[in-house]
Amino acid sequence: LCCGTNSESPPLQCKLTGNWTNDLGSNMTIGEVNEKGNFVGSYHTAVTSTMNKIQLSMLHGSQHPTNQKSQPTFGFTVNWTFSDSITVFVGQCFVDKEGREVLKTMWLLRSHVDNITNDWKATRVGTNVFTRLQLQK
Ligand code: BTN
């Protein structure tokens with residue numbers, strides 16, 4: 001009925017809560033998803049578009065209402081503490097063929113520019129793939 005092939009210890013499947021790492025080497029920790037689907041967490045990016053020293057930054061997100069079986073869509077915003085930029089991520093959690101959770105995301109990074117004529121170059125776009133860093137019970 002539930003949870004895949006390993007009946008002894010069914011893996012956490014597509015719960016956002018926990019520690020994640022992405023293809024750039026960035027790490028994030030997501031706290032409990034509340035009854036409304038909202039969550040907070042922290043993000044440590046491995047890279048920056050600025051000359052500033054990287055610091056841990058807060059994230060605020062929301063997950064689509066779901067039961068344990070599904071592969072939920074979600075979004076979160078990272079308000080970078082060490083720059084004037086904001087990144088929004090949207091994505092979906094999947095369970096791959098090996099039973100591992102993977103977060104497939106796209107992001108928009110909005111940088112601060114000094115005037116409206118520079119607006120055209122203020123937004124970067126990309127993708128990140130996150131896998132779970134540490135199992136949490
Ligand atoms: C900045 O450079 O102004 C803040 C840091 C931005 C890091 C970006 S967000 C999208 C991409 N994915 C990551 O894990 N880090 C970069």
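In each ligand, atom 1 is the first atom listed, and ligand 1 is the first ligand listed. Not measured: the values here are computed from a predicted model.
- Using modelled atom types, no side-chain atom of Gln71 and backbone atom of Gln92 make a donor-acceptor pair closer than 3.5 Å.
- By the side chain to side chain donor-acceptor pair (under 3.5 Å) test, Thr81 pairs with Ser57, sequence neighbours left out.
- Partner Ser83 forms a side chain to side chain contact (heavy atoms under 4.5 Å, CB included) with one of Thr45, Ile54, Asn52, Thr48 and no other, that one being Asn52.
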Kindly list each side-chain donor-acceptor pair under 3.5 angstrom involving residues 30-41, sequence neighbours excluded, with atom names and distances?
residue, atom, partner, partner atom, Å
Asn34, OD1, Lys36, N, 2.8
Asn34, OD1, Gly37, N, 3.0
Asn34, OD1, Asn38, N, 3.0

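- Between Asp84 and Arg110 no salt bridge is recorded (no basic side-chain N to carboxylate O distance below 4.0 Å).
- Legend: residues meeting side chain to side chain donor-acceptor pair (under 3.5 Å) with Asn27, ordered by chain and number and at least two apart, are Thr21.
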Short N or O separations between ligand 1 and the protein, below 3.5 Å:
residue, atom, partner, partner atom, Å
ligand 1, 2 (O), Thr48, OG1, 2.8
ligand 1, 2 (O), Ser49, N, 2.8
ligand 1, 2 (O), Ser49, OG, 2.9
ligand 1, 3 (O), Ser83, OG, 2.9
ligand 1, 3 (O), Ser85, OG, 2.8
ligand 1, 12 (N), Asn128, OD1, 2.8
ligand 1, 14 (O), Asn22, ND2, 3.0
ligand 1, 14 (O), Ser26, OG, 2.7
ligand 1, 14 (O), Tyr43, OH, 2.6
ligand 1, 15 (N), Thr45, OG1, 2.9

